[in-house]
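Notes for the one structure printed next.
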Amino acid sequence: MSIQTTKSYHEGAYLSLMRGLKELDTNGPSVPCDLVLNGDHAFPLAINSQGQVLMAASRYGRGKIVVLGHESYLYAFPDLVENAVTWLRGEGSDNLSVGVCSSIKAVTDNLIKSGFKAKVVGSFSDSGEVGVYVTDAYGVEEDAIDLVAFLKAGGGVLIAGQAWHWASTKPNENIILQFPGNKVSGVAGIYFTARYGKVEILPVSPQIPSPWMSLRIGKDFKDDLDILLEGISEFDLTDGIIASEALIHGPLAFPIGTTEEGRTFLAGSYYGRGRVVVITHEYPLKSEKLVSFWKNAIDWLDQGRKGIVGVEPNLKLLSKSGLKYEETAFRKDLSVFVYPAWKEDHVEEIQDFVAEGGGLLIGGHVWNWANKNFGLNPLTDFSGNKILNKMGLSLLPATIDQGSYKVPMSTQTKEDNNHFRHVLSRFAGLVTKGEELPMHEEKQLKKLEMECANFLMTKAYGSYSYKQVLSILTDILKKLGMPQVSVKNPVKNPKDHLLLSVGTELYKASPDPDALLPYLIKDIPVLPVVKGQRIRITVNTADENEWISTGLYLSPGMKTEMIIPANIVNKNWTIQIGCQTDYLEHEELKRARSVCERFPVTAEKMEVWNLWGGLIYLVAPPNTKVEGAEVIVQMAVLAPYYKSGVTTAADWLLQRTAPAPWAEFEFENIIFTVPSDVVKKLERPDEVAALWNDVMKGIADLAAIPQTFSRKERIVADEQISAGWMHAGYPVMITTYSAAEIFRPDDARTEGLWGEIHELGHNQQRSCWEFRPNTTEATCNLWSVYVHEEVLGLNREKAHSSMILTNRKNTVDEYVKGGKKLSDWNVWTALETYLQLQGKFGWDAFKKVFAAYQKISNYPSDNNGKMNLYAETFSQTVGMNLSAFFKSWSWPIDRATEEKLCKLPPWSDHPMLKYD
């Protein structure tokens, strides 16, 4: 649903309901109750100075409902009642019949005066074919099912009352579910509560009121937790379970199981007249260790009905659990349905099922889905979140490590620590008052930073709650501004971290990002633009996605339209703005945590932008072939761009002065992205190309792969990266401080490029011959040594100090002195094993071994098995039994391997013999 569409619904409905009203005087003998709003459609009509909702409206199915916090308001505000009945019967409806419950029959006269055909009835069942039914909140219990059906089919309901008196006479009852009025209004997400509402004169705002004070939690969940956690002392999430984290954002949602840091993996919520429990991995649903909890959870979800528990057939519960259930697809006659978060059928039916009283137990994680679905939004596109977001819960890509998590001794909830809404409300209140958050509470801001960013990603523009948070965060950013993060102005404290993160996500979510931009980034440079740039795409991808450079750039906040050929629309292509894809988790930030934006290609016209600006790419999905497709970029900034075989020397002299701050160089097998200042004076890019073409051929030679890479490697410079000075991946990330050395061919042959080649070596590592974590930082250096010696002509001792012979000897001596423990065999120690092999058998042996591995499809998954396979493969390749050599390094060579190699001549003078 678009922002414009939902804006017209909520705000249009509010304007109709409050038409002609300037204030609502609630002073008097009547004490209203505070209303809780939940779900997507409920919105307030009147909020007092304490943030309490006294009147609200919503819709359910095709119908609408208005709820007033005291029945006397039906008489006190006749103009409001007239507006309400007019709105409830719907535009264009000629049904003027209104049924009025006999307990409030005095309302009838006012309605008749307003032109309605109002009649007093004993109950809803007596009302006949009415368009609107008006009732108090006390006598609707027997008619609740019919009233909900009436509402769902398109009828209008006006209901008024308060629940504090009822609650005082039934202290042990659950108001949310058992108060008569809530059995009707609850399906639409409006609930009467036991809290007294403050009375005062309420001015009628021209917009829906959304003060930060109303961002509260709907109930105390102690009674729910007492039931759910009875007899439970811990939640065992071991056995390799990596759960997702859950975000709790609804007023009636609450945590059940959390880590010591307060990260949620198990949660519950009320939705409509029903309940939901979510576990953030599906495997615990089958765990014998959690059977007691699942019994409690199903009892809580069943609400005492003792109805049928249905389990989706693909999600088998523990057979020995003793739970009585049926394996079945979703059915409306179930009391509780157990469902995997990764299925996507029956989404709306399941939501209605819960809203009308059903129980939902749902399990699943989203992190794996997020890793596999490049460019999609896990908060909106993952099936489980399509169900859960409306219920005030969301599954996040962030993971929770396996472990056993204790249940707190007391189930008393602590709303000041655990709930997104309360912490945000507190922070907003302090900002509004100009106060600082106490130091001891600053740790909450880190969690709030994550929760705000993820909540904004739900993009629930049809929800009043979402738009309320959007409004509150916008006010905060406009008041405080966003930190102008840079290398010279790093962001360090939790408050600035929060503002930087929220500003980034708020810009994406805002209905008016252009108006917000001046509060986020100051002094955006004005760069000259070009229009109607045509980009030709020819690509034949292998098993991985591939970035296609355009040589174009967008300034911060700059928007452009791209015209996309029909044959790549809805084919898993993505438009990417920005090449710095690292997500930063550092305490000191020199740039925002995330500065790359991706847009799935879903239409032939796409508008794209990025708060932080960036180079424009098209990202081709795996196993895709396209030839000569044309993409048009309507407006952008030219970037310095050089492509071997295409850009001439004369072209480069013109292109190197292009105004974009980032430049790109595309050679035969590698692409570099660096600050433009690094290459403004570069005269001979062809010499740089020759250097890197040789380097990449050397990498391919050692790896025994074709000299034309199936996908060109990329190296991208960034002001700050996620780990280390450089790190591997697509792209390889380096810091901007290292960018210049890439373009100095002469220095490369005298001083080396150890770091860059080390990372490119990481990209050649393969699981079948890698023994992680021991060799992670070791075997990649085979490429560093090889390329420096064989391609750059630089002796290994000059390439890196650890390659000096005395240092290598000391490495071996320390390993032997420490008892030759395999746990100490890593980095330089592990590399020495391979260098000793290279010293004896040469580089060709490694090339042949790597080639042999390319034919092995079935290899062990454990290090012991893989090390035996490597010893066997290397021995067979060189025609010599190397068992004794590897055993001298403490490799776990087993008898079977020795027997396979016993007919080969032994390496009787290996370098480790003297240490045995």
TODO: Could you tell me which residues satisfy ring pair (Phe, Tyr, Trp, His ring centres under 6.0 Å) with Tyr271, sequence neighbours excluded, listed by chain and number?
DONE: none
- [ ] Verify, without hydrogens or angle tests, whether Thr108 (side chain) and Ala118 (backbone) share a donor-acceptor contact under 3.5 angstrom.
- [x] no
- [ ] To the nearest 0.5 Å, tell me how far Arg19 CZ sits from Leu17 CG.
- [x] 9.0 Å
Task: Heavy-atom side-chain proximity of Val134 to Cys101 below 4.5 angstrom - done: no
- [ ] Step through it carefully: locate the ring centre of Tyr133, locate the ring centre of Phe150, and say whether they are under 6.0 Å apart.
- [x] no
Task: Heavy atoms of other groups near Glu435 CD, more than 12 under 6.0 Å - done: yes
- [ ] Please step through side chain to side chain contact (heavy atoms under 4.5 Å, CB included) for the pair Leu35 and Leu54, ending with a clear verdict.
- [x] CA-CA 6 Å; Leu35 304 174; Leu54 304 185; 6.0 Å; no
Task: Distance-minimising heavy-atom pair for Leu424 and Leu215 - done: CD2-CD2, 3.5 Å
Open item on the list: So does Tyr270 get a backbone contact from the side chain of Asn38, meaning a donor-acceptor N/O pair under 3.5 Å?
Closed with: yes
TODO: Assess whether ring-ring contact (aromatic ring centres under 6.0 Å, His included) is satisfied between Phe221 and Phe254, documenting all intermediate values.
DONE: CA-CA 7 Å; Phe221 301 102; Phe254 59 98; 4.5 Å; yes
- [ ] Any ring pair (Phe, Tyr, Trp, His ring centres under 6.0 Å) involving residues 179-206? Give me the pairs, sequence neighbours left out, ordered by first then second residue.
- [x] Trp164-Tyr196, Trp166-Phe179, Phe179-Phe192
TODO: Indicate whether the side chain of Ser394 and that of Asn389 have a donor and an acceptor atom separated by less than 3.5 Å.
DONE: yes
Open item on the list: Within the supplied structure, the quantity of interest is the number of heavy atoms (other residues, nucleotides, ligands) at a distance under 6.0 Å from Arg62 CZ; does it exceed 12?
Closed with: no
Open item on the list: If we ignore hydrogens and angles and just use 3.5 Å, is the side chain of Ser510 paired with the main-chain N or O of Tyr507 as donor and acceptor?
Closed with: no
- [ ] Locate the shortest heavy-atom distance separating Leu395 from Asn385; write the atom from each residue and the value.
- [x] N-OD1, 2.7 Å
- [ ] For the pair Ser463 (side chain) and Tyr466 (backbone), establish whether a donor and an acceptor sit closer than 3.5 Å, ignoring hydrogens and angles.
- [x] yes
Task: Set of side-chain hydrogen bond (donor to acceptor under 3.5 Å, both in side chains) partners for Arg331, sequence neighbours left out - done: Glu326, Thr328, Asp333
Open item on the list: Using the side chain to side chain donor-acceptor pair (under 3.5 Å) definition, which of the options Gln50, Arg421, Gln468 pairs with Ser214?
Closed with: Gln468
Task: Any donor-acceptor N/O pair, Ser383 side chain to Ala341 backbone, under 3.5 Å - done: yes
Open item on the list: Check this for me, if you would: do Lys219 and Asp224 make a salt bridge, where the nitrogen-to-carboxylate-oxygen distance has to be below 4.0 angstrom?
Closed with: yes
Task: Donor-acceptor side-chain pairing of Ser123 and Ser125 below 3.5 angstrom - done: yes
Task: Residue pairs involving residues 144-155 (criterion salt bridge (Lys or Arg N to Asp or Glu O under 4.0 Å); sequence neighbours excluded) - done: Lys152-Asp352, Lys152-Glu356
Task: Nearest heavy atoms of Gly99 and Val130, plus distance in Å - done: N-CG1, 3.6 Å
Task: Set of residues satisfying side-chain contact (heavy atoms from CB on, under 4.5 Å) with respect to Asn172, sequence neighbours excluded - done: none
Open item on the list: Please enumerate all residues that pass side-chain hydrogen bond (donor to acceptor under 3.5 Å, both in side chains) together with Glu141, with sequence neighbours excluded.
Closed with: Lys183
Open item on the list: Can a donor-acceptor pair be found, under 3.5 Å and without considering hydrogens, that links the side chain of Asp143 to the backbone of Phe124?
Closed with: yes
Open item on the list: Show, in sequence, the C-alpha distance, side-chain angles and deciding distance for Tyr339 and Phe330, and conclude whether the ring-ring contact (aromatic ring centres under 6.0 Å, His included) test is met.
Closed with: CA-CA 9 Å; Tyr339 192 67; Phe330 174 73; 8.1 Å; no
Task: Close side-chain approach of Leu229 to Ile256, heavy-atom, < 4.5 Å - done: yes
Open item on the list: Other residues, nucleotides and ligands only: do more than 12 of their heavy atoms fall within 6.0 Å of CD on Glu230?
Closed with: no
- [ ] Identify the heavy atoms of Pro255 and Leu225 that sit nearest to each other, and give their distance.
- [x] O-CD2, 3.7 Å
- [ ] Give a yes or no on whether the backbone of Trp87 and the side-chain of Lys64 come within a donor-acceptor separation of less than 3.5 Å.
- [x] yes
Task: For Lys113, side-chain hydrogen bond (donor to acceptor under 3.5 Å, both in side chains) partners two or more places apart - done: none
Open item on the list: What I'd like to find out is whether the side chain of Glu505 reaches to under 4.5 Å of the side chain of Met457, using heavy atoms alone.
Closed with: yes
Task: Pairwise ring pair (Phe, Tyr, Trp, His ring centres under 6.0 Å) hits with a residue in residues 45-74, at least two apart - done: Tyr73-Phe77
TODO: Evaluate the side-chain proximity of Val309 to Ser335: yes if any heavy-atom separation is below 4.5 Å, no if none is.
DONE: no
Task: Arg273 versus Gln303, closest heavy-atom pair with distance - done: O-NE2, 3.1 Å
Open item on the list: What I'd like to find out is whether the side chain of Phe116 reaches to under 4.5 Å of the side chain of Thr86, using heavy atoms alone.
Closed with: yes
TODO: Find out whether Tyr464 and Val469 are in side-chain contact, i.e. whether some heavy atom of one side chain is under 4.5 Å from a heavy atom of the other.
DONE: no
- [ ] Would you mind listing every salt bridge (Lys or Arg N to Asp or Glu O under 4.0 Å) that reaches into residues 115-124, with sequence neighbours excluded?
- [x] none
- [ ] For the pair Thr432 (side chain) and Ala428 (backbone), establish whether a donor and an acceptor sit closer than 3.5 Å, ignoring hydrogens and angles.
- [x] yes
- [ ] Go through the steps to decide whether Thr26 and Glu200 satisfy the test side-chain hydrogen bond (donor to acceptor under 3.5 Å, both in side chains), and finish with yes or no.
- [x] CA-CA 5 Å; Thr26 63; Glu200 57 192 337; over 6 Å; no
Open item on the list: Would you say that Asn83 contacts Ser16 through its side chain, given a criterion of any heavy-atom pair below 4.5 Å between the two side chains?
Closed with: no
- [ ] Could you pull out all residues at least two apart from Met18 that satisfy side-chain contact (heavy atoms from CB on, under 4.5 Å)?
- [x] Tyr14, Leu21, Leu24, Leu45, Leu80, Val204
Open item on the list: Quick check: closest heavy atoms across Ala194 and Ala167, and the distance to 0.1 Å?
Closed with: CB-CB, 3.7 Å
Task: Under-4.0 Å salt bridge between Asp226 and Lys222 - done: yes
- [ ] Report yes if the side chains of Leu360 and Val277 come closer than 4.5 Å at any heavy-atom pair, otherwise no.
- [x] no
Task: His10 side-chain N/O to Ile208 backbone N/O, donor-acceptor pair under 3.5 Å - done: no
Task: Under 3.5 Å donor-acceptor, Asp302 side chain and Ile298 backbone - done: no
Open item on the list: Counting only heavy atoms not in Ile145 (residues, nucleotides, ligands), do more than 12 fall under 6.0 Å from its CD1?
Closed with: no
Task: Residue pairs, two or more places apart or on separate chains, that pass salt bridge (Lys or Arg N to Asp or Glu O under 4.0 Å) and touch residues 29-52 - done: Asp34-Arg195, Asp34-Arg216
TODO: Please check if any side-chain donor atom of Gln52 sits under 3.5 Å from a side-chain acceptor atom of Asn48, or the reverse.
DONE: yes
- [ ] Could you walk me through whether His249 and Phe420 pass the ring-ring contact (aromatic ring centres under 6.0 Å, His included) test, one step at a time?
- [x] CA-CA 6 Å; His249 53 84; Phe420 165 64; 7.2 Å; no
Open item on the list: Can you list everything that forms a side-chain hydrogen bond (donor to acceptor under 3.5 Å, both in side chains) with Glu142? Sequence neighbours excluded, please.
Closed with: none
